[in-house]
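Inspection log for the structure reproduced underneath, given as structure tokens.
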Amino acid sequence: MYDLLVVGAGPYGLSIASHAAAAGLTLRIVGRPMASWRDHMPRGMFLKSEPWASNLSDPEGKWSLDAYCAEQGMTARHGEPIPVEAFASYGLWFARHAVPPVDERMVKALRLCPGGFEAVLEDGEALCARTVVLAVGVLPFTEVPSALSSLTPAHVSHSSDHSDLDRFRGRDVTVVGGGQAALETAALLAELGATARVLARAPRLNWNDLPPFRERSPWQSARSPLSGLGCGWRNWLYAERPDWFRLLPEARRTHIARTALGPAGAWWVRDRFEPVVEVRLGQRITAAYEWGSSVRLELTSRSGELSSLETEHVIAATGFRATCGRLDLLGDDVRQGLKAMRDGSPAVGRDFESSVAGLFFAGLTTASGFGPAMRFVYGATFTSETLVRGVGRRLRSGTAGDRIPAPGGGVRLAGSGVVIRN
């Protein structure tokens, strides 16, 4: 039985595995390394975060993006975006150097077993571990507007469904959303020769400014500190003090996680986007149906005016919503003990442990617990250091995954206070 099973091999899973290995834990990491970056982002995209804020985390800070770029003869300068393909390659390089070999099979089911957890892999093999961390990224949580639910995959997709946009050459494509994914996807489509438009509910598009110089005077830093999430004291708090963020009331945390650092395009997309992409703002899709080989969208403006448009394909760049209900791999015994926050995401304690003793979460699923940094690679360092310490505490307690009698009948998940009635 392993001390720790890491489910997911993206930036968070790889970083946690690196710290766990350095701490001397016996561990297994499963999942396809950097899968969402390699298979679910079109060629030609760039990282929105600054290169210095995009490091995976190892205890010595040895395997940074800057070190990878130097080895490859590339540059990683402030204010110069990094291609997604290069970042994915960096993640694979990190995996080779900083973590034990990654098992690329997928976990299909996770359930309790004596002393911990049993994970069933896609080929039927079962792995047992005293503790588990779910670092499953964003792909289980894709969000598509309900008005598009009647369309078939031939006519609607999520922005994360595409690693290659070539099939849309010469076609009419409507991208729904007003954030970076929507704006960059539309720009790429137009550059491929598609007729691209963006449809957004917001009354205007927001664009990030050119980043300020990283070298700042003491006065500038005191007035508006620079952090991995941008300038200003609020962003500094989100980026550098997730442990302080966790002390806010739950309602405040979930609101900030949903609204902070809202939809906006990177400064380097704007010049590529504005000359070539049609934009329809303040429009809500009320209905969608297939119209021969096309799609007809019924729209309502913010003032209530009705209109419609026809397009050949709709790409929903409408983000992700991390809820417990979308974690299909959880067995019923685990799911019953899992407490959710008011936004549906798993409730986690100070070290990312859920209400199920020994089950930890990382990444997007913890944004309502620890703040907006958990939506970005920048949060991987805090998460890895804090979570691995928590795993150590749980292992020393000897109660991970145990089920023991609870007063009044039923069972209590050890260390969690959660009671399951018979």
Side-chain angles (χ1 to χ4, degrees), residues 10-11 15 34 36-37 41-58 61-91 93-94 159 178-188 190-191 204-241 260-277 317 371-382:
S15 297
M34 304 297 288
S36 63
W37 302 86
M41 295 186 188
R43 291 191 301 272
M45 280 193 165
F46 290 84
L47 285 188
K48 191 178 183 184
S49 299
E50 291 296 321
W52 57 269
S54 303
N55 294 310
L56 278 65
S57 180
D58 64 281
K62 183 178 179 181
W63 308 109
S64 65
L65 178 57
D66 187 66
Y68 169 76
C69 289
E71 183 179 294
Q72 300 297 313
M74 301 167 55
T75 59
R77 298 192 184 99
H78 180 73
E80 295 183 7
I82 294 287
V84 162
E85 298 97 313
F87 182 72
S89 296
Y90 159 60
W93 176 84
F94 182 96
S159 56
Q180 174 70 7
L183 305 182
E184 192 174 13
T185 296
L188 288 170
E191 290 165 358
R204 62 186 292 269
L205 296 179
N206 294 315
W207 297 95
N208 297 131
D209 295 328
L210 184 74
F213 290 113
R214 195 176 179 191
E215 296 75 22
R216 298 161 65 79
S217 70
W219 166 247
Q220 289 173 318
S221 295
R223 183 181 180 187
S224 183
L226 179 63
S227 74
L229 298 185
C231 286
W233 281 105
R234 185 172 297 180
N235 287 338
W236 182 90
L237 170 68
Y238 300 154
E240 308 302 333
R241 292 292 183 267
L261 302 171
W267 59 272
W268 41 264
V269 173
R270 191 169 189 172
D271 289 343
R272 295 166 51 196
F273 175 92
E274 290 185 332
V276 294
V277 177
M374 304 301 117
R375 291 161 34 197
F376 299 88
V377 176
Y378 194 74
T381 296
F382 174 85

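Numbering of residues begins at 1 and proceeds along the displayed sequence.
No donor-acceptor pair closer than 3.5 Å links the side chain of Arg234 to the backbone N or O of Ala260. Between the side chain of Gln180 and the main chain of Ala266, a donor-acceptor pair closer than 3.5 Å is present. A donor-acceptor pair under 3.5 Å is absent between the side-chain atoms of Glu50 and the main chain of Gly228, judged by distance alone. Judged by distance alone, the side chain of Asn55 and the main-chain N or O of Leu65 form a donor-acceptor pair under 3.5 Å. Listed for the Tyr90 side chain is a donor-acceptor partner under 3.5 Å among the backbone atoms of Trp63.
Ring orientation note: the planes of Trp236 and Trp233 are nearly perpendicular, at an angle over 60° on the 30°/60° scale.
Between Tyr68 and Leu56, every side-chain heavy-atom pair lies at or beyond the 4.5 Å cut-off. A 4.5 Å side-chain heavy-atom check between Phe46 and Glu184 finds at least one atom pair inside the cut-off. Side-chain contact between Phe94 and Pro11 is absent, with no heavy atoms from C-beta onward closer than 4.5 Å. Side-chain contact between Leu261 and Asn235: present, with at least one pair of heavy atoms (C-beta onward) separated by less than 4.5 Å. At least one side-chain heavy atom of Leu188 sits less than 4.5 Å from a side-chain heavy atom of Met45.
The two atoms that bring Gly232 and Ser224 nearest to each other are N-OG, 3.2 Å, heavy atoms only. Across every non-hydrogen atom of Ile82 and Ala76, the tightest pair is CD1-CA, 4.2 Å. Of all the heavy atoms in Leu226 and Cys231, the pair that sits closest is CD1-SG, 3.6 Å. The two atoms that bring Ala181 and Ser159 nearest to each other are CB-OG, 4.2 Å, heavy atoms only. Of all the heavy atoms in Lys48 and Trp268, the pair that sits closest is CA-CZ2, 4.2 Å. The minimum heavy-atom distance between Ala239 and Ser227, with the atom names listed, is CB-OG, 3.6 Å.
Heavy-atom neighbours of Arg272 CZ from other residues, nucleotides or ligands within 6.0 Å: above the threshold of 12.
Interatomic distance, Glu71 CD to Asp66 CG, rounded to the nearest 0.5 Å: 12.0 Å. Note that the CD atom of Glu80 and the CG atom of Leu47 stand 13.5 Å from one another [nearest 0.5 Å]. In this structure, the separation between CZ on Phe273 and CH2 on Trp207 is 5.0 Å, given to the nearest 0.5 Å.
In summary, the side chains of Tyr378 and Glu240 do present a donor paired with an acceptor at a separation below 3.5 Å, with no hydrogens or angles considered. Between Gln72 and Trp93, the side chains place no donor N or O within less than 3.5 Å of an acceptor N or O (distance only, hydrogens not considered).
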